[in-house]
Peer 1: 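Sharing a structure with you now.
Numbers for residues simply follow the sequence, beginning at 1.
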Amino acid sequence: MDARALAALAANPGCRRRALLDGAGVDKGALAQALGAPANFGQSQFAHQRGNSFEARVKADGGADLVRLLHERLRDGSEPPGPGAVATPDLTAPGPQGRTARTALALREATAAGRWALLDHPMVSLDVAGSPAFLEPDAVVVHPDGSWTVIEIKSFPMVDGSADPAKVGAAARQSAVYTLALERVASMVGEPEEGGGDTAEAVEAVDAAETASAAMTAEAAGAAETAGQTAPADAAAPAGTKEAAAWADPAESAAQEGSVTPAEAAPARARVRHQVLLVCPKDFSNLPTAELVDVRKQLAVTRRQLDRLTRIEEIAAALPEGTTFDLRLTDDGRSPTRPVDELTAAVDAVDAAYAPECLSTCELAAHCRSRSRAAGQVEALGRGVRGELGGLTTVDAVLTAAMNGPADEAPTGDPAVDALRRAAALRAEALASRPEAVACR
């Protein structure tokens, strides 16, 4: 589950189907193909390659260009970073948990150092409906004052300082997910600024991680003793445990290594800036340009919507016994063998909240649209229409309310029904004035 999927999920928190499938790691594209309703959106191979090529060009000089662009857009009067002034810590670690712990440690060290630093493709985690999601921003810059800025690199052009509003909005929503995840990391680095993260949730997450690491260590040690071997402490530790231990108490770790004293290793104040740097090609060229995008609105919406998501365990517990989304692929892993009717029943066992906006964000949107239309649900006409119709949830109910009474009779008390009857009367009057007109059906 990446930031793009989380942004789409946060935009439609009522869709239990997507929450469950994303949380379970189901390939929705393959599932939609097996259902006979393949997704008709996505990035072409050419666009993907162009995006990778542009990102590699932007980062080719060790991130100096990115930091220069950020400093130019900030216009805060600070001194620009000199040659070799940007640190690029190594974030290599085994597994997503190890990379997440290593990223957190690198952020803390860079913040305490009080210098420019660029983290290339760091990894952060975010709890989504009770399930952890690992996210990978394009880059994160640490400022000398201890603040952090998310860098989002896109391949769509920026002409005269402006770009496609729809694409910029999508990038802002995606960046808001990264910012939300980083705020929880920042809350564990010194004292966060007012409104900059949830310390209680961050501490709880660290405690849970330490408990899980201890359990894994004990299990590994027990397995080694069963085999008649002595398990070294380093070997028994799971991937990323050393990084997690250093993150939990970097002052003690640094003091043991003899590099700095515990006082010198004290973390600096950290906060995540609410302006992300959007980097795009300039005027259809391959030269980078950038603008700051304020994501406070998207951040508030994302935080509120993610908090509303039903926990995945609760959704799964309501499913019929034996429900599975396994496609039963052939030995070559290409062709599904599971009957379509059986697979359709499994998918329909989870409630969906379809809206036309899903067509550009969800692989199952075509299937959900066909089912919504077959059931005559007004959601297929858009969220705006659904909100205006109030308690009228089907097209049949709307037509019945509109046609079963004249517009000049006493109001029913339901504003939606009254408005429908007035609209039906106006339509009938317009058709009566032009007998040659073909009536809509």
Peer 1: Just checking, any donor-acceptor pair under 3.5 angstrom between side chains of His274 and Gln298?
Peer 2: no

Peer 1: Under the ring pair (Phe, Tyr, Trp, His ring centres under 6.0 Å) criterion, do His143 and Trp116 qualify, and how do the steps go?
Peer 2: CA-CA 5 Å; His143 299 248; Trp116 290 99; 5.0 Å; yes

Peer 1: Rounded to the nearest 0.5 Å, how far apart are CD of Glu72 and CG of Leu277?
Peer 2: 10.5 Å

Peer 1: Does atom CD of Glu342 have more than 12 heavy-atom neighbours, drawn from other residues, nucleotides or ligands, at distances under 6.0 Å?
Peer 2: yes

Peer 1: Just by distance, no angles: are the side chains of Trp148 and Thr179 close enough, under 3.5 Å, to form a donor-acceptor pair?
Peer 2: no

Peer 1: Do you know the tightest heavy-atom contact between Gly390 and Arg386?
Peer 2: O-NH1, 2.6 Å

Peer 1: Under 4.5 Å between any side-chain heavy atoms of Val301 and Arg173, yes or no?
Peer 2: no

Peer 1: Donor-acceptor pair, distance only, cut-off 3.5 Å: does the side chain of Arg57 make one with the backbone of Asn286?
Peer 2: yes

Peer 1: Apply the side-chain contact (heavy atoms from CB on, under 4.5 Å) test between Pro122 and each candidate in Leu107, Leu91, Val150; give the one that qualifies.
Peer 2: Leu91

Peer 1: Going from CG on Leu35 to CG on Leu343, what distance comes out if it is rounded to the nearest 0.5 angstrom?
Peer 2: 4.5 Å

Peer 1: State whether a side-chain donor-acceptor pair under 3.5 Å links Gln174 with Lys154.
Peer 2: yes

Peer 1: Could you report the tightest heavy-atom contact between Thr289 and Arg73, atom names first, then the distance?
Peer 2: OG1-NH2, 3.5 Å

Peer 1: Do Ser372 and Glu379 have side-chain N/O donor and acceptor atoms under 3.5 Å apart?
Peer 2: no

Peer 1: Is the shortest heavy-atom distance from the side chain of Val177 to the side chain of Leu135 under 4.5 Å?
Peer 2: yes

Peer 1: Would a 4.5 Å heavy-atom cut-off, applied to side chains only, mark Ile153 and Lys59 as touching?
Peer 2: yes

Peer 1: Can Arg99 and Glu136 be counted as an ion pair, charged N to O under 4.0 angstrom?
Peer 2: yes

Peer 1: Just how far is it from atom CG of Asp22 to atom CD of Glu363, taken to the nearest 0.5 Å?
Peer 2: 8.0 Å

Peer 1: Are any side-chain N or O atoms of Ser187 and backbone N or O atoms of Arg184, one a donor and one an acceptor, separated by less than 3.5 Å?
Peer 2: yes

Peer 1: Does the pair Phe156 and Val168 meet the rule for a side chain to side chain contact (heavy atoms under 4.5 Å, CB included), with working shown?
Peer 2: CA-CA 9 Å; Phe156 56 81; Val168 173; 4.2 Å; yes

Peer 1: Measuring from atom CD of Glu152 to atom CG of Leu278, what distance do you get when rounded to the nearest 0.5 angstrom?
Peer 2: 7.0 Å

Peer 1: Using every non-hydrogen atom in the two residues, find where Glu291 and Gly161 come nearest and quote the distance to one decimal.
Peer 2: CG-O, 4.1 Å

Peer 1: I'd like to know if the side chain of Thr330 pairs up with that of Asp332 as donor and acceptor (distance under 3.5 Å, no hydrogens or angles considered).
Peer 2: yes

Peer 1: Does a donor on one side chain sit under 3.5 Å from an acceptor on the other, for Ser147 and Arg273?
Peer 2: yes

Peer 1: Testing the basics here: between Phe54 and Cys280, what is the closest heavy-atom pair and its distance to 0.1 Å?
Peer 2: CZ-C, 3.4 Å

Peer 1: Tell me whether Arg296 at atom CZ has more than 12 heavy atoms from other residues, nucleotides or ligands lying less than 6.0 Å away.
Peer 2: no

Peer 1: So Asp307 and Arg304, salt bridge (Lys or Arg N to Asp or Glu O under 4.0 Å) or not? Walk me through it.
Peer 2: CA-CA 5 Å; Asp307 288 342; Arg304 182 175 65 252; over 6 Å; no

Peer 1: Other residues, nucleotides and ligands only: do more than 12 of their heavy atoms fall within 6.0 Å of CD on Glu388?
Peer 2: no

Peer 1: Thinking salt bridges, do Arg17 and Asp351 make one under a 4.0 Å N-O criterion?
Peer 2: no

Peer 1: Do Asn12 side-chain atoms and Ala353 backbone N/O form a donor-acceptor pair below 3.5 Å?
Peer 2: yes

Peer 1: Using a 4.5 Å cut-off on heavy atoms from C-beta on, say whether the side chain of Cys362 contacts that of Lys28.
Peer 2: yes

Peer 1: Distance-only, no hydrogens or angles: does the Asp27 side chain make a donor-acceptor pair with backbone N or O of Gly29 under 3.5 Å?
Peer 2: yes

Peer 1: Under a 4.0 Å N-O cut-off, is there an ion pair linking Arg421 with Asp418?
Peer 2: no

Peer 1: Could you tell me whether a side-chain N or O of Thr400 sits under 3.5 Å from a main-chain N or O of Asp396, the two making a donor and an acceptor?
Peer 2: yes

Peer 1: Say you draw a straight line from CG of Asp120 to CG of Asp138; how long is it, rounded to the nearest 0.5 Å?
Peer 2: 8.5 Å

Peer 1: What are the two closest non-hydrogen atoms of Ala366 and Leu359, and how far apart are they?
Peer 2: N-CD2, 4.3 Å

Peer 1: Between Val58 and Pro288, what is the shortest heavy-atom contact and its length?
Peer 2: CG2-CB, 3.8 Å

Peer 1: Under the salt bridge (Lys or Arg N to Asp or Glu O under 4.0 Å) criterion, do Arg271 and Glu183 qualify, and how do the steps go?
Peer 2: CA-CA 7 Å; Arg271 63 184 178 90; Glu183 279 189 348; over 6 Å; no

Peer 1: Would Asp90 and Thr92 count as having a side-chain donor-acceptor pair, cut-off 3.5 Å?
Peer 2: yes

Peer 1: If you measure from CZ on Arg50 to CD on Glu55, what distance do you get to the nearest 0.5 Å?
Peer 2: 13.5 Å

Peer 1: Should the pair Asp326-Arg328 be classified as a salt bridge under the 4.0 Å nitrogen-to-oxygen rule?
Peer 2: no

